[in-house]
Structures are given as structure tokens and as C-alpha cells.
Visitor: 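Dropping a structure here in C-alpha cells format, bear with me for questions.
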Amino acid sequence: MTAYVILRDHPLKDKNDKGPQIKVDAKAVEQGNSEHESRIEGLTAGMEFSEQDMLKMLMIPSGNNIARLLARWDSNSDSEAAFVKKMNDAAKELGMKNTTYTDPSGLDSKTVSTAVDQLKLAEAVMKFDAFRPIVAMPNADIPGLPKRINNNNDRLILAGLSVKGIKTGSSSAAGGTLSWAAYKTVDGKDRLILGTMMDQHFTGLDPDGSNSLRMVQDNSKKVIQAVRDALTSATAVKKGQVVGYVDDGLGGQTPVVATKDLTAIGVPGQKLGLQVDAGGKTVPHEAKAGTVVGELIVGTGAEAQRVPVALQKDLVEPTFGAKLTRLG
């Protein structure tokens, strides 16, 4: 969410846009010495890094001190409260009904969410062209840092499953959590698959949730493999199939048909939402058979498939008598 708010309010054009320079403050340096959390070490006050490099430090090794630094930079304040409010406002806008943020890093125990909510966030943040390449990196060398930063999710990124992010999270209290993005080529196009798994608790010694983190990666790997193996395409609607009606409001209905086959991407047994939309046009009062009056949509977001829909037979405007009889 911290990355989402930063990119929303300080957008980078693409993966090559480094953005403004951000200065490291004393708090970020001090928090870099904290032993029981993920952080970026070796910083000194006054160092400057681009927004892009800050996002790498935030996302690749889960730099908690960078999350707080970005919050202070965004609000131009020593306090992180204004940024946390932005996080909660963004959560509401994204429909994350069971999420509350109390800090920019997510480490605070009062910061809570659900897998369903985090999946909504994953879908939103992966739309940023500058974000996707960052979370797909297994490691990165950033000028000014004493050593390479490594991705906490490198075990999956390098597992040969086309995993390209997104974010791990772990603590003794929360257990292991992971929001992941993977791809599979279906019908010649790379299809994005998103998932979230939370509340994975390792039984036994679990220093700072490290074993729970490995556990959530192992369990997520099984899910990713299963979904990638099952993902396929199939004809959801055939050309000429009746998919809806134009209702004249007086009891008359004219069938609407798909003008070509509609292919959907999914896994066997998955229920796909179908809707017929006028596409911003006004449905005519009368028209010949074959007139396109809207489109059929299956799925949501960027992966939605669309085909035009047309009248199966002539649409005839109701007679004045019919209208009068109906009103009476």
C-alpha cells in the first residue's frame, strides 16, 4: 500500500523513469540498525536516492525504514500520520473493507487486513508500469548502498513458474504472508495470475517469522503450480447464441445474440461473470436484425473479453395503442 500511494501521488512514467531524488534522514539511519525487522542498513543522513531506487529498497527486501522515510517525504513532515491516513483512504477507495493501516511498514500489530483485500490491492498496484519490473527482480545493486539487496521472495521468483513478485510479509505474530503474481501464456498472450495467502504459522521455533515465511512460499508454490497447470481457454459463448434481450418496457422483448464466438480464460469449474452492456450507446427504438446494440463482456479488468452483440430480429417500436393500453 505504501508503494501504491507513492506511485499514485508521485507517478513514474515507466521502468526507465527514476523520479525525484529523496534525502535520507536521521530516523531512517537509526531504524536501519533495528535487529528484529527487515530494513536497509548502511545509510547515512543526507544521502540521496531516486524514487525508483527507494521503491526497490522498499519492495525487494521489505525495507521498513524506507517505508517510513517515504511516508515522511510524501507528507513533508517528521510525522507519518498524514500518510497513514492516505493509506486508509486508498483502502476504502479500493473496496478493502476489512483493512486498517496504522503504520507505513505494516509491522505494527494494529495494521490488519485479509487475503481478499490484499488481492484487491495487488490488482491495483500491478497496473503501475514502474512497479511491475521492480517486484520481479530477485536482487538489485543500488549505487550508494554497501551491498546488494535481495528479494525475500527469490525462492519463487527463481522457481521456473514465471513468478514476478509481488510481496512477502512475515512476523512471529502475523505468520507468513505472500501476495504473488505469476504469468502463463494462453492463446499467444501472457496472462497475469494474482493470489494472496496469509496466516501461515510454522509450528516450532520461528525467529521473526522466518520459518513461517518459508512455509507460505512453499504452500503458495503448490497453488501457483496448480493454477498454471489448469489455466486454459474455452468457448464461453458461441456465435448466434442468445445472450440477452432488448426490452421495450411494455412487455415486448427482442433477442440479442453474440456476433462471434467469445473465448474466456480460466480454470475448469470457475464461474465467470457475464454482462451485456450498451457500450455507452442509446439502444434504438427500432432497428433491423443484425444491428449492433452493445457488447458482451466476460471477466473483469484488463483480462476481460468482449464481443459485439446484435439484434436477432427486427426491433419494432411499440404502437401507440400498445403504449396506451399498457399505461391504462
Side-chain angles (χ1 to χ4, degrees), residues 4 8 11 13-14 90 92-97 116-117 119-129 131-132 162 164 181-196 227-228 230-319 322-323 326:
Y4 174 82
R8 183 196 65 185
K13 297 176 184 177
D14 51 39
K92 290 180 182 177
E93 291 169 4
L94 294 173
M96 300 168 64
K97 298 179 181 179
V116 170
D117 280 2
L119 193 55
K120 293 176 182 178
L121 175 58
E123 185 175 5
V125 75
M126 283 292 283
K127 292 178 181 177
F128 289 111
D129 292 337
F131 180 84
R132 295 190 301 274
S162 293
K164 306 295 182 182
Y183 290 86
K184 182 183 178 182
T185 303
V186 179
D187 292 346
K189 182 180 177 182
D190 288 340
R191 310 291 176 170
L192 174 62
I193 312 165
L194 297 172
T196 297
V227 173
R228 290 187 78 252
L231 194 68
T232 187
S233 65
T235 301
V237 176
K238 293 183 177 181
K239 179 180 178 180
Q241 183 176 338
V242 175
V243 296
Y245 298 88
V246 174
D247 192 326
D248 63 13
L250 300 171
Q253 292 185 325
T254 302
V256 171
V257 298
T259 58
K260 58 182 180 179
D261 289 351
L262 186 149
T263 300
I265 309 298
V267 297
Q270 180 179 352
K271 292 182 179 180
L272 299 173
L274 290 168
Q275 60 176 324
V276 177
D277 189 274
K281 301 177 181 178
T282 301
V283 178
H285 292 293
E286 54 184 345
K288 294 293 185 180
T291 300
V292 173
V293 292
E295 61 182 2
L296 175 67
I297 308 169
V298 57
T300 59
E303 296 298 312
Q305 305 293 310
R306 303 166 183 266
V307 296
V309 295
L311 297 172
Q312 187 186 51
K313 60 182 183 180
D314 292 351
L315 174 64
V316 180
E317 187 171 10
T319 65
K323 291 179 183 177
R326 180 70 176 179

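Positions are given from 1 along the sequence.
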Visitor: Quick one: side-chain contact (heavy atoms from CB on, under 4.5 Å) partners of Q253, sequence neighbours excluded?
Guide: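 So Q253 forms a side-chain contact (heavy atoms from CB on, under 4.5 Å) with Y245, D247.
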Visitor: Is there a side-chain contact between V237 and V243, using heavy atoms and a 4.5 Å cut-off?
Guide: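 Contact flag for V237/V243 side chains = yes.
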Visitor: What's the separation between atom CG in L192 and atom CE in M126, rounded to the nearest 0.5 Å?
Guide: 5.0 Å
Visitor: Does some side-chain heavy atom of K184 sit less than 4.5 Å from a side-chain heavy atom of S162?
Guide: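 Counting from C-beta outward, S162 and K184 never come under 4.5 Å.
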Visitor: Could you work out, with side chain to side chain donor-acceptor pair (under 3.5 Å) as the rule, every residue matching D14, not counting sequence neighbours?
Guide: none
Visitor: Using the test side chain to side chain donor-acceptor pair (under 3.5 Å), find all partners of S233 that sit at least two apart in sequence or belong to another chain.
Guide: D187
Visitor: Looking at A289, is its backbone amide N or carbonyl O close enough to the side chain of D314 to form a donor-acceptor pair, meaning the two atoms are under 3.5 Å apart?
Guide: yes
Visitor: Under the rule for salt bridge (Lys or Arg N to Asp or Glu O under 4.0 Å), what residues qualify as partners of R228, not counting sequence neighbours?
Guide: none
Visitor: With L296 as reference, evaluate V256, V309, D277 under the side-chain contact (heavy atoms from CB on, under 4.5 Å) test and give the passing residue.
Guide: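 Among V256, V309, D277, the one meeting side-chain contact (heavy atoms from CB on, under 4.5 Å) with L296 is V309.
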Visitor: So, for A287 and L311, which heavy atoms are closest and what is the spacing to 0.1 Å?
Guide: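 Heavy atoms of A287 and L311 come nearest at CB-CD1, 3.6 Å.
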Visitor: Under the ring-ring contact (aromatic ring centres under 6.0 Å, His included) rule, collect the residues that match up with F131, sequence neighbours excluded.
Guide: none
Visitor: Could you report the tightest heavy-atom contact between M96 and D117, atom names first, then the distance?
Guide: C-OD2, 3.1 Å
Visitor: Rounded to the nearest 0.5 Å, how far apart are NZ of K164 and CD1 of I193?
Guide: 12.5 Å
Visitor: Under the salt bridge (Lys or Arg N to Asp or Glu O under 4.0 Å) definition, can you give me all pairs with a residue in residues 262-274, not counting sequence neighbours?
Guide: none
Visitor: Which residues pass the side-chain contact (heavy atoms from CB on, under 4.5 Å) test with Q275, sequence neighbours left out?
Guide: I297
Visitor: Excluding sequence neighbours, so at least two apart, what forms ring-ring contact (aromatic ring centres under 6.0 Å, His included) with F128?
Guide: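 Once residues adjacent in sequence are excluded, the partners of F128 under the ring-ring contact (aromatic ring centres under 6.0 Å, His included) criterion are Y4.
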Visitor: Applying salt bridge (Lys or Arg N to Asp or Glu O under 4.0 Å) as the test, list every pair that has at least one member in residues 283-300; sequence neighbours left out.
Guide: E295-R306
Visitor: If the condition is side chain to side chain donor-acceptor pair (under 3.5 Å), which residues does D129 pass it with, not counting sequence neighbours?
Guide: R132
Visitor: Under the rule for side chain to side chain donor-acceptor pair (under 3.5 Å), what residues qualify as partners of T196, not counting sequence neighbours?
Guide: S179
Visitor: Would you tabulate the side-chain donor-acceptor contacts of residues 257-270 under 3.5 Å, counting partners in other chains and residues two or more places apart, or write 'none'?
Guide:
{"from": "T259", "atom 1": "OG1", "to": "P308", "atom 2": "O", "distance (Å)": "2.8"}
{"from": "D261", "atom 1": "OD1", "to": "K239", "atom 2": "N", "distance (Å)": "2.7"}
{"from": "Q270", "atom 1": "OE1", "to": "V267", "atom 2": "N", "distance (Å)": "3.0"}

